[in-house]
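Structure first, then comments.
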Amino acid sequence: MQRGVVESTSTKDNMSMVKGYIFDLDGVIVDTANYHYDAWRKLANSLGFDITEEQNENLKGVSRKESLEYILRLGNLNFSDDKKSEMAELKNTWYVASIRNMDKSELLPGSENLIEEIKEKGLKLSLGSASKNSVRILKATGLIDFFDAIIDGTKTTESKPHPQVFLLGAEALNLNPEDCIVFEDSINGVKAANIGGFRSIGVGDKNILSEADFVIPSLDGISVDKLNALIYQNNN
Ligand code: BG6
Ligand code: MG
């Protein structure tokens, strides 16, 4: 691992070899985070206010319903449950329109290579995403068959930073949290991984993802060996 590329804030010692890899979807595997942001902004704009990029960091990783609640709090607005369902549906219609032609070109650099390598090495792989559109996206990008388990917003009742999505992922892989690493681009996702007892790899800006055990700028050039070197060099 090149100096300066990776930042470690790890405090988790004596953890076992990595057997399972749990990937967030939006912003880690696929470049969809901006489509979510655009659709939420469009909704907020229709209500007379805007969402900053900083505020959007708090929306990443959060379920559709919780995201809407956060946005309405920003606008100091409240609506009936029926109206809120209508708004969430509208946002999803806009979002789905923006991913309707999705293909491999939307994959973020390095994600497909790493996923393929994990499978080739016989290691375990799960999705851990809040999205209810995950199966659609994994099919459109040709990655769905690589996953041993897909835990997403259709299977969870709690939103990140609650660790439920990752705990269900580890359980589906028949592994303990300490056997797994979680890749996350969101503050809430990193918190969820840490709370659940997973090793957290922040993928993105080290200033934003400072709570992660390790931060890498992207998955580009990341291999199983590089990850092991990163984790064990820092912990041993
Ligand atoms: C997360 C995204 O992966 O999924 C959030 O980071 C999004 O921005 C959430 O709101 C829910 O996604 P969806 O596709 O079910 O609306
Ligand atoms: Mg994400």
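We count ligands from 1, going down the list as the structure has it; atoms in each ligand are counted the same way.
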Interfacing atoms of ligand 1 (cut-off 4.0 Å, heavy-atom, [X]):
{"X": "Arg64", "value": "11 (C), 13 (P), 15 (O), 16 (O)"}
{"X": "Ser67", "value": "10 (O)"}
{"X": "Lys60", "value": "6 (O)"}
{"X": "Asn133", "value": "13 (P), 14 (O)"}

Practice problem: Please state whether the separation between the Mg ion (ligand 2) and some N/O/S atom of Glu184 is under 2.8 Å? | Solution: no
Is [X] salt-bridged to [Y], going by a charged N under 4.0 Å from an acidic O?
{"X": "Arg199", "Y": "Glu178", "value": "no"}
{"X": "Asp26", "Y": "Lys60", "value": "no"}
{"X": "Arg73", "Y": "Glu69", "value": "no"}
{"X": "Asp24", "Y": "Lys160", "value": "yes"}

Quiz item: Taking the Mg ion (ligand 2) as the vertex, what is the angle from O of Asp26 to OD1 of Asp185, given to 10 degrees?
Solution: 90°
Exercise. Starting at CD1 of Ile51, measure out to CG of Leu74 and round the result to the nearest 0.5 Å.
Key: 6.5 Å
Looking only at protein heavy atoms, identify the closest one to [atom] and say how far it is in Å.
{"atom": "atom 2 (C) of ligand 1", "value": "Asp26 OD2, 3.5 Å"}
{"atom": "atom 10 (O) of ligand 1", "value": "Val62 O, 3.1 Å"}
{"atom": "atom 12 (O) of ligand 1", "value": "Ser131 CA, 3.4 Å"}
{"atom": "atom 15 (O) of ligand 1", "value": "Lys132 N, 2.6 Å"}
{"atom": "atom 6 (O) of ligand 1", "value": "Gly61 N, 2.8 Å"}

Quiz item: According to the interplanar angle, ranging from 0 to 90°, do the rings of Tyr95 and His36 count as parallel (below 30°), tilted (30 to 60°) or perpendicular (above 60°)?
Solution: parallel
Practice problem: Can you label the angle between the Tyr21 ring and the Phe183 ring as parallel, tilted or perpendicular, going by 30° and 60°? | Solution: parallel
Quiz item: For ligand 1, is there an atom lying under 4.0 Å from some heavy atom of Gly153?
Solution: no
Quiz item: Relative to ligand 1, is His36 under 4.0 angstrom through side chain, backbone, both or neither, heavy atoms considered?
Solution: side chain
Quiz item: Would a 4.5 Å heavy-atom cut-off, applied to side chains only, mark Leu173 and Asp179 as touching?
Solution: no
Quiz prompt | All side chain to side chain contact (heavy atoms under 4.5 Å, CB included) counterparts of Thr141, not counting sequence neighbours | solution = Val30, Met102, Leu107, Leu143
Quiz item: Taking just the N, O or S atoms of Asp24, which one is nearest to the Mg ion (ligand 2)?
Solution: OD2
